[in-house]
Amino acid sequence: MTDAAINAGAAPREQGPRPQLSAAEARLKKRYRSEMWFKAQGIAAIVVAMIFLVVLVGRIVAQGYTTFETHSISVPVYLNPDRIDRTALDGVNYDYIVAEAVMKKLNIQDDDLGTTSGKVMDLVSRDLGFQLLDKIKADPSVIGKTIEVTGPVKADADLYFKGEIKRSTAEEDRKLDNQQLAWLDQLEKDGTVKGGFNVGFFTKSDSTEPEQAGVLGAVVGSALMLVITALIAVPVGVLAAVYLEEFAPKNRWTDVIEVNINNLAAVPSIVYGLLGLALFINWLHVPRSSPLVGGLVLALMALPTVIIATRSALKAVPPSIREAALGVGASRAQTVFHHVLPLAMPGVMTGAILSLAHALGETAPLLMIGMVSFVPGVPEGFTGASTVLPVQVFIWENASERAFHERTAAAILVLLVFMIVMNAAAVILRRRFERRW
């Protein structure tokens, strides 16, 4: 038989597997396309999430950045002895005395009905009057002299300088009439009113006057509350997780406990508020609206999350670590606390700090224990009346004054910074523990 005949006879057998190979290639290409489509969906989901995040943060920044700018007025005020009763300093109308000084700056006179002075007082914060009272109480000899006081303008006047109240708006549709706007322009032109950074927003507490309201009391209250939450939730949660994961016998009772812990992590936060109201306030008589009761309620809410995160971190430690420690004669407790727990500490700290950050943003349980009340000062301690940042946001957003709304957005920014700092602390601590161990 010739070579040509052999090749001719063998040719059909070589072409047999090609259709099968083509089908395998088609299936492979289909799997690659599915993988690419899945990656594209993942990227699209991330892009959409980032767009929503940017829109959310951008909206908050756009609404709240004006809070960090304020306008203040500086006027020399003559403390007329005929108007100030030394025996009843608190009964003096210092707002009118300040208004007189402003009218002198504007070269205008008050009318018989006091309409002009009333309009001027609507432009100047009452903080200036309180400053006069404090100066006189500190040094009564200033009566009869001229002293200069500096303070914020009223919230509506501040909104006008920021461009949120426009002259083009119909006069009946705004709180300030044309005459008041002309006075404000004149005061700004002669340098009596100047703009600057709003330091008072960070150094003052809540107030019924928007221009005097700040977040200091809420920030201090949040910090005190988180201290209580951390002191209770972190050690109790970590020790409970260590016992359940490393020491507890595996039986029906531990299964019931584990199921209940997982269920408690999904319970709505307002339920913890009801529990705190019944347990801590009505039964144990813990002071209402205090950082102590707030921290106790949030500790109960954070406990399941801390336990679950700690158990996950302990499970991630290789069994060989336990076996090696036990093999050289270490006890069960020494194995857990000297070897297993330190290796699991990065995950433990991350879970604890993230649970505290989540607790920081809770509002519903705190409303149930009375933290919705108006607290004008800084809390005096763990048992003093206090407010916190989420509740402060809630109160300002429901206020009728327009200027409180921009402060709502600014308080949200402060809260976000607070939470970003806590999350960054979690990342830093995790990396330090990882490098150490």
Side-chain angles (χ1 to χ4, degrees), residues 70-158 175 180 183-184 187 190-194 196 198-218 220 373-381 384-387 399 401 403-404 407:
T70 189
H71 292 81
S72 57
I73 181 172
S74 299
V75 289
V77 180
Y78 174 61
L79 301 178
N80 191 343
D82 298 333
R83 290 185 176 275
I84 301 175
D85 185 359
R86 294 177 181 267
T87 61
L89 294 178
D90 292 330
V92 179
N93 190 350
Y94 296 101
D95 294 334
Y96 183 77
I97 295 176
V98 174
E100 281 186 322
V102 177
M103 287 189 291
K104 185 177 180 181
K105 274 277 187 179
L106 295 170
N107 295 320
I108 56 176
Q109 297 292 329
D110 196 9
D111 54 15
D112 295 335
L113 299 177
T115 305
T116 303
S117 60
K119 288 184 176 181
V120 172
M121 283 190 282
D122 289 338
L123 303 178
V124 182
S125 173
R126 297 184 62 189
D127 181 60
L128 280 78
F130 288 119
Q131 290 185 38
L132 290 180
L133 175 61
D134 293 338
K135 290 179 181 293
I136 293 173
K137 286 184 175 181
D139 184 12
S141 65
V142 298
I143 299 177
K145 300 179 181 179
T146 299
I147 61 175
E148 185 169 305
V149 290
T150 301
V153 297
K154 274 282 189 179
D156 292 322
D158 191 44
K175 291 185 177 181
Q180 289 174 309
W183 291 341
L184 290 174
L187 291 173
D190 63 20
T192 303
V193 174
K194 296 180 180 179
N198 190 1
V199 179
F201 183 72
F202 300 97
T203 58
K204 297 180 180 178
S205 298
D206 196 12
S207 172
T208 56
E209 304 289 337
E211 68 277 0
Q212 300 184 49
V215 296
L216 177 61
V220 174
S373 57
F374 172 73
V375 181
V378 178
E380 298 177 354
S386 173
T387 187
E401 290 85 351
F404 273 123
R407 278 163 172 74

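Predicted, not measured: the structure shown is a model, and the values here were computed from it.
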Might you point out which heavy atoms bring Gly144 and Pro81 nearest each other, and give the distance in Å? CA-CG, 3.7 Å

A side-chain contact here means heavy atoms from C-beta on lying under 4.5 Å apart; do Met103 and Ile108 qualify? yes

Looking at side-chain heavy atoms only, is the closest gap between Lys175 and Gln180 below 4.5 Å? no

Sorted by chain and number, sequence neighbours left out, salt bridge (charged side-chain N to carboxylate O under 4.0 Å, His left out) with Glu380 holds for none

For atom CD of Gln109, decide whether the heavy atoms of other residues, nucleotides or ligands shown that lie under 6.0 angstrom number more than 12. no

Where the side chain of Thr70 meets the backbone of Asn198, is there a donor-acceptor pair that is under 3.5 Å apart? no

Decide if atom OH of Tyr96 counts as having more than 12 heavy atoms of other residues, nucleotides or ligands within a radius under 6.0 Å. yes

Where do Leu187 and Val102 land on the side chain to side chain contact (heavy atoms under 4.5 Å, CB included) test, with the steps shown first? CA-CA 9 Å; Leu187 291 173; Val102 177; 4.2 Å; yes

In Å, rounded to the nearest 0.5 Å, how long is the span from CZ of Phe130 to NZ of Lys135? 15.0 Å

Can you give me the closest heavy-atom contact between Ser74 and Thr150, atom names plus distance? OG-OG1, 2.7 Å

Please round to the nearest 0.5 Å and tell me the distance separating atom CZ of Phe374 and atom OG of Ser207. 5.5 Å

Would a 4.5 Å heavy-atom cut-off, applied to side chains only, mark Val77 and Thr146 as touching? no

Gly151 and Gln131: which non-hydrogen atoms are nearest, and at how many Å? CA-NE2, 4.0 Å

Start with the C-alpha gap between Lys145 and Tyr78, add the side-chain angles, then the distance that decides, and say whether side chain to side chain contact (heavy atoms under 4.5 Å, CB included) holds. CA-CA 6 Å; Lys145 300 179 181 179; Tyr78 174 61; over 6 Å; no

Which pair of heavy atoms, one from Arg86 and one from Pro140, lies closest together, and at what distance? NH1-O, 3.6 Å

Would you say that Val142 contacts Leu79 through its side chain, given a criterion of any heavy-atom pair below 4.5 Å between the two side chains? yes

For residues Arg83 and Glu100, determine if any side-chain heavy atom of one lies less than 4.5 Å from a side-chain heavy atom of the other. yes

Determine the minimum heavy-atom distance between Val98 and Gly129, stating which atoms define it. CG2-N, 4.2 Å

Hey, are Lys137 and Asp90 close enough for a salt bridge, meaning a charged N less than 4.0 Å from a carboxylate O? yes

When rounded to the nearest 0.5 angstrom, what distance separates CG in Asp158 from CG in Leu123? 12.0 Å

Find the distance between CG (Asp206) and CD (Gln212) and round it off to the nearest 0.5 Å. 11.0 Å

Residues Val378, Leu216; criterion side chain to side chain contact (heavy atoms under 4.5 Å, CB included); working and verdict: CA-CA 7 Å; Val378 178; Leu216 177 61; 3.9 Å; yes

Is there a side-chain contact between Asp95 and Val124 in this structure, where contact means two heavy atoms from C-beta onward sitting under 4.5 Å apart? no

Stepwise side chain to side chain contact (heavy atoms under 4.5 Å, CB included) test for Ile136 and Ile84: CA-CA 10 Å; Ile136 293 173; Ile84 301 175; 3.9 Å; yes

Mind checking the CG-CD1 spacing from Asp127 to Ile73? Nearest 0.5 Å is all I need. 12.0 Å

Heavy-atom closest pair (Pro210 atom, Arg407 atom, distance to 0.1 Å) is O-NE, 2.6 Å

4.5 Å side-chain heavy-atom contact, Val153 and Ser72: no

Ile97 side chain near Asn80 side chain, heavy-atom distance below 4.5 Å: no

Determine whether a donor-acceptor pair (N or O, by modelled atom type, separation under 3.5 Å) exists between the side chain of Tyr94 and the backbone of Leu89. yes

To the nearest 0.5 angstrom, please state how far the CG atom of Asp111 sits from the OG atom of Ser117. 7.0 Å

